[in-house]
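None of these values were measured; they are calculated from a predicted model.
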Amino acid sequence: MTITSTVTAETLLGNGSNREFPFTFRAWLGEIRVVLTAPDDTITDVTALSTIELETVGGIVTYPKATGSPALPVGMKITILRDMNFLQTLRLINATRYDPVVIEKVLDRLVATDQQLREKLDRAVTLVEAAPDTPQELLEEIFNARETSVNAASSAAVSATDA
């Protein structure tokens with residue numbers, strides 16, 4: 001199987017009745033994480049409270065897995081994402097036959113791991129290669145600018161009240 005999609009996570013909305021949430025990216029059992037996002041942006045890992053059924057590509061997450069529990073309410077989001085374990089599971093032995101199917105499976109896992117890292121990196125604040133500041137210096141500048149703007153807003157409010 002070749003990984004031909006760059007999708008590594010899917011977010012679906014709760015509607016108060018649906019308990020099954022399909023996903024379309026390649027995944028491996030034990031390497032999927034399921035998180036809920038509340039309307040106030042609070043995030044909760046609910047992987048242990050979910051049932052995950054894998055297909056050749058994608059699968060279905062049932063949340064919650066307990067049949068008596070209520071379905072995901074309106075306003076809640078469920079995110080299904082790849083959570084690779086970063087282990088090398090194949091040991092190649094010198095002077096033996098290499099099965100192409102086994103090699104392709106390992107390459108698929110490597111691509112999936114790269115995609116997971118790319119997705120995280122795309123959400124990160126990064127600096128250009130020749131940035132004059134270190135990440136720590138840039139962060140300090142941002143915090144200082146925030147403090148300056150808060151102080152300026154307070155002074156403006158006092159001036160407006162005095163006027």
>> Quick one, Leu117 and Phe86 - any side-chain contact, counting heavy atoms below 4.5 Å?
In response: yes
> With no hydrogens and no angle check, is any side-chain donor or acceptor of Lys77 less than 3.5 Å from a backbone partner on Val35?
Replying inline: no
>> Would the distance check show the side chain of Arg19 and the main-chain N or O of Ser69 forming a donor-acceptor pair, the cut-off being under 3.5 Å?
In response: yes
> Is it the case that more than 12 heavy atoms not belonging to Leu87 sit under 6.0 Å from its CG atom?
Replying inline: yes
> Under a 4.0 Å N-O cut-off, is there an ion pair linking Glu119 with Arg82?
Replying inline: no
> When rounded to the nearest 0.5 angstrom, what is the spacing between CZ in Phe25 and CD1 in Ile80?
Replying inline: 6.5 Å
> From Arg33 CZ over to Met84 CE, what is the distance, rounded to the nearest 0.5 angstrom?
Replying inline: 14.0 Å
> Where the side chain of Glu10 meets the backbone of Thr24, is there a donor-acceptor pair that is under 3.5 Å apart?
Replying inline: yes
> Of all heavy-atom pairs between Asp108 and Thr2, which one has the smallest distance, and what is that distance?
Replying inline: OD1-CA, 3.8 Å
> So, do Ile32 and Leu54 sit near enough that their side-chain heavy atoms are less than 4.5 Å apart?
Replying inline: yes
> Where the side chain of Thr47 meets the backbone of Val34, is there a donor-acceptor pair that is under 3.5 Å apart?
Replying inline: yes
> Rounded to the nearest 0.5 Å, how far does CG of Leu81 lie from CZ of Phe23?
Replying inline: 10.5 Å
> Distance from Leu92 atom CG to Asp99 atom CG, nearest 0.5 Å?
Replying inline: 11.0 Å
> Nearest heavy-atom pair of Ala71 and Gly16: which atoms, and what distance?
Replying inline: CB-O, 3.6 Å
>> How about CG on Asn94, more than 12 heavy atoms from neighbouring residues, nucleotides or ligands closer than 6.0 Å, or not?
In response: no
> How close do Ser50 and Lys65 get, heavy atom to heavy atom, and via which atoms?
Replying inline: O-CD, 3.8 Å
> Within the side chain of Gln115, is there an N or O that forms a donor-acceptor pair under 3.5 Å with the backbone of Ser5?
Replying inline: yes
>> Between Leu90 and Ile103, is there a side-chain heavy-atom distance shorter than 4.5 Å?
In response: yes
>> With a 3.5 Å distance limit and no angle check, can you tell me whether Gln116 reaches the backbone of Thr8 through a side-chain donor-acceptor pair?
In response: no
>> I'd like to know if Asp122 and Arg118 make a salt bridge, using a cut-off of under 4.0 Å between side-chain N and carboxylate O.
In response: yes
>> So, taking the atom named CD in Glu31 and the one named CG in Asn85, what distance separates them when rounded to the nearest 0.5 Å?
In response: 4.0 Å
> What is the minimum heavy-atom distance between Asp133 and Leu127, and which atoms define it?
Replying inline: O-CD1, 3.4 Å
>> Applying a strict under-4.5 Å side-chain criterion to I, L, V, M, F, W and Y, I'd like to know whether Tyr98 and Leu110 cluster together.
In response: yes
> Just wondering, do Thr134 and Glu140 contact through their side chains at under 4.5 Å, heavy atoms?
Replying inline: no
> For Tyr63 and Phe21, which heavy atoms make the closest approach, and how far apart are they?
Replying inline: O-CE1, 3.9 Å
> Which of these passes side-chain contact (heavy atoms from CB on, under 4.5 Å) with Val61: Thr51, Ile52, Thr79?
Replying inline: Ile52
>> Any heavy-atom pair between the side chains of Asn18 and Glu20 that's under 4.5 Å?
In response: yes
>> Hydrophobic clustering (ILVMFWY, side-chain heavy atoms < 4.5 Å, transitive) - are Val57 and Trp28 grouped together?
In response: no
> Can you tell me how far the OG1 atom of Thr6 sits from the CG atom of Asp114, to the nearest 0.5 Å?
Replying inline: 12.5 Å
